[in-house]
Enquirer: 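Next up is a structure, given as structure tokens.
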Number of protein chains: 2
Amino acid sequence: MATLRPRQQEMLRFIEHFMDERGFPPTVRDIQYGCDISSTSVVDYNLRALTRAGLLKRSREVSRGIELVGRRPRTTRVPLLGSIAAGQPLPVFPADPATLGDEDHVEMDAELAKNKDRLYALQVKGDSMIDALIRDGDVVILQAQDQAETGEMVAAWLIDTEETTLKRFYAEGPRVRLQPENTAMGPIYADARNVQIKGRVIGVLRRYE
Amino acid sequence: MATLRPRQQEMLRFIEHFMDERGFPPTVRDIQYGCDISSTSVVDYNLRALTRAGLLKRSREVSRGIELVGRRPRTTRVPLLGSIAAGQPLPVFPADPATLGDEDHVEMDAELAKNKDRLYALQVKGDSMIDALIRDGDVVILQAQDQAETGEMVAAWLIDTEETTLKRFYAEGPRVRLQPENTAMGPIYADARNVQIKGRVIGVLRRYE
DNA sequence: GTTCATATCGAACCGATGTTCGCAGGAAAG
DNA sequence: CTTTCCTGCGAACATCGGTTCGATATGAAC
């Protein structure tokens, strides 16, 4: 395979960036303006070259008919808002991400964050979810949402005791069961009106030293 | 929030399916034909409703300017080709996925499989990767590839001893280091020509009883 | 009955967009 | 030198595709 031309590399980077930002592929003219190319035919020419190189697939005669193949997963930044554990208060939610420094973010797989919004991260204190392979010190990635389905792992706010806890969520009629993943611990039962779902766990990060 | 109309649910399912298949969002007319709707204005009408409901974002005046938000992760089927461990043979690769029954597949997050091809799964024997949270009995998802970057977790085939092993890959000049994630075990050193990469680990599954 | 909101339909408008064609400069091969 | 291939350029074409508008139907509220 011939080596990739600089212009083709630039186009590839532009397409990746565009899809991250917008969620759908760019048009030929998007690429043209984004890469300072003087003609759409040049874009088409190099798009063909990239297709031959196997770096993307095209659906001809179709607007935005570009699909990237074999992408390495990239990462995205998620604000780290605090920590969470059974029996300990969670900082006011949502904390303002704008006030956070660089150190208060975590990197995560961009594929997981794709098409998701309002993500945040919390550091886990305690081993109540050890059997779900979530340990003390791990960072969980959550999607902010106020509803949950049965069996999902969620951050739940207990209104009366002002506690936040990381558990699996089970709706059981008028009450909810918050189930730890630790055989040494029993579930928490609470009135449904006393439980506010703060987010659903969509990922876990652990850093090795 | 008002409950979703059947037509809107159908449109949502169509959009999801379309994006899985094609890698980019459908046009208004794609949705029209795909859902047997008589007019594009009806599609537009219901698309606005779905936008109000927060289920998708639209870039107005832009073809295919549809982005799904908050999608529940769906799953995809990956063939389970066998097992892998240090010191034990791997079945001939690739086994023919067509000959496998339903029991020989695993379900995995479709987001992880996005834009990836030639995925397969192997069941792990032994605890050589215990510190990477991969235990005996776990299933690892691999992307078939014959090259790896330093630090990636790979399935490596040692040609002379006819063994396959799951390790982290480190290129060290003329030789390669295959590093287990278990403090009780030491690395394997091998001549680079004697090592053939079979795939890169992109996911791990564990089933709880 | 009237009124209003919801949902659908058909048609048209017009900008967006993929494709194609002729042409040109430059490098490599003859 | 000429020829050939690669790459870039500009313009034009035909269709694609998002949007809008007026009309219709249904049902709930009054």
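Remember, predicted model here, so these are calculated numbers, not experimental data.
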Enquirer: Provide, to the nearest angstrom, the distance between the CG atom belonging to B:Leu50 and the P atom belonging to C:dT6.
Expert: 15 Å
Enquirer: Roughly, in whole Å, what's the span from CG in A:Asp30 to P in C:dT17?
Expert: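 Rounded to the whole Å, the gap is 6 Å.
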Enquirer: Less than 4.0 angstrom from a charged side-chain N to a carboxylate O is my criterion; do B:Glu16 and B:Arg13 meet it?
Expert: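 Between B:Arg13 and B:Glu16 there is no salt bridge, as every charged N stays at least 4.0 Å from the carboxylate O atoms.
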Enquirer: Nearest whole angstrom, please: distance from the P of C:dT8 to the CZ of B:Arg48.
Expert: 15 Å
Enquirer: Rounded to whole Å, please give me the gap between CD in B:Gln32 and C1' in D:dG17.
Expert: 11 Å
Enquirer: Name the nucleic acid region contacted by B:Thr27, choosing base, sugar-phosphate or nothing; use a 4.0 angstrom heavy-atom cut-off, strictly under.
Expert: sugar-phosphate
Enquirer: Testing A:Asn194, A:Thr164, A:Ile197 one by one against A:Trp157 for a side-chain contact (heavy atoms from CB on, under 4.5 Å), which residue passes?
Expert: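 Of A:Asn194, A:Thr164, A:Ile197, side-chain contact (heavy atoms from CB on, under 4.5 Å) with A:Trp157 is met by A:Thr164 alone.
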Enquirer: Could you tell me the separation between the CD1 atom of B:Ile31 and the P atom of C:dT8, rounded to a whole number of Å?
Expert: 14 Å
Enquirer: Quick one: is A:Arg7 getting a side-chain N or O under 4.0 Å of the D:dG8 phosphate, OP1 or OP2?
Expert: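 The answer is yes; a side-chain N or O of A:Arg7 sits under 4.0 Å from OP1 or OP2.
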Enquirer: Under 3.5 Å, side chain of A:Gln32 to main-chain N/O of A:Ser38, donor-acceptor pair present?
Expert: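 Yes, because the side chain of A:Gln32 sits within donor-acceptor range (under 3.5 Å) of the backbone of A:Ser38.
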Enquirer: Could one point to a donor on the side chain of A:Ser63 or the base of D:dC16 with an acceptor on the other under 3.5 Å away?
Expert: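 Donor-acceptor pair under 3.5 Å: no.
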Enquirer: Rounded to whole Å, please give me the gap between CD in A:Glu61 and P in D:dG17.
Expert: 10 Å
Enquirer: Could you please name the option among D:dT19, D:dC9, C:dC9 that lies closest to any side-chain atom of A:Ser39?
Expert: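 Shortest atom-to-atom distance from the side chain points to D:dC9.
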Enquirer: Taking only side-chain nitrogens and oxygens of A:Asn46, does any of them come within less than 4.0 Å of OP1 or OP2 of D:dC6?
Expert: no
Enquirer: Does the side chain of B:Arg58 get closer than 4.0 angstrom to OP1 or OP2 of D:dT19 through an N or O atom?
Expert: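 For B:Arg58, the contact criterion (side-chain N or O under 4.0 Å from OP1 or OP2 of D:dT19) is met.
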Enquirer: Return yes if some donor-acceptor pair links the side-chain N/O of A:Arg64 with the main-chain N/O of A:Pro25 below 3.5 Å, else return no.
Expert: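 It does hold such a pair.
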Enquirer: Just the rounded figure in Å: distance from P of C:dA11 to CG of B:Asp44.
Expert: 18 Å
Enquirer: In whole angstroms, how far is the P atom of C:dA16 from the CZ atom of A:Arg64?
Expert: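 Going from CZ in A:Arg64 over to P in C:dA16 covers 11 Å.
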Enquirer: A:Tyr45 side chain: which of D:dG8, C:dA11, C:dT8 is closest?
Expert: D:dG8
Enquirer: For B:Gly65, does its backbone N or O pair with a side-chain atom of B:Arg58 as donor and acceptor, under 3.5 Å?
Expert: no
Enquirer: Taking donor-acceptor contacts at under 3.5 Å, does the side chain of B:Ser41 reach the base of C:dT8?
Expert: no
Enquirer: Taking atom types as they are modelled, is there a donor-acceptor pair under 3.5 Å from the base of D:dG18 to the side chain of B:Arg29?
Expert: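 Answer is yes: a donor-acceptor pair is held.
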Enquirer: Within less than 4.0 Å of OP1 or OP2 of C:dA16, is there a side-chain N or O belonging to B:Arg60?
Expert: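 No, no such contact exists.
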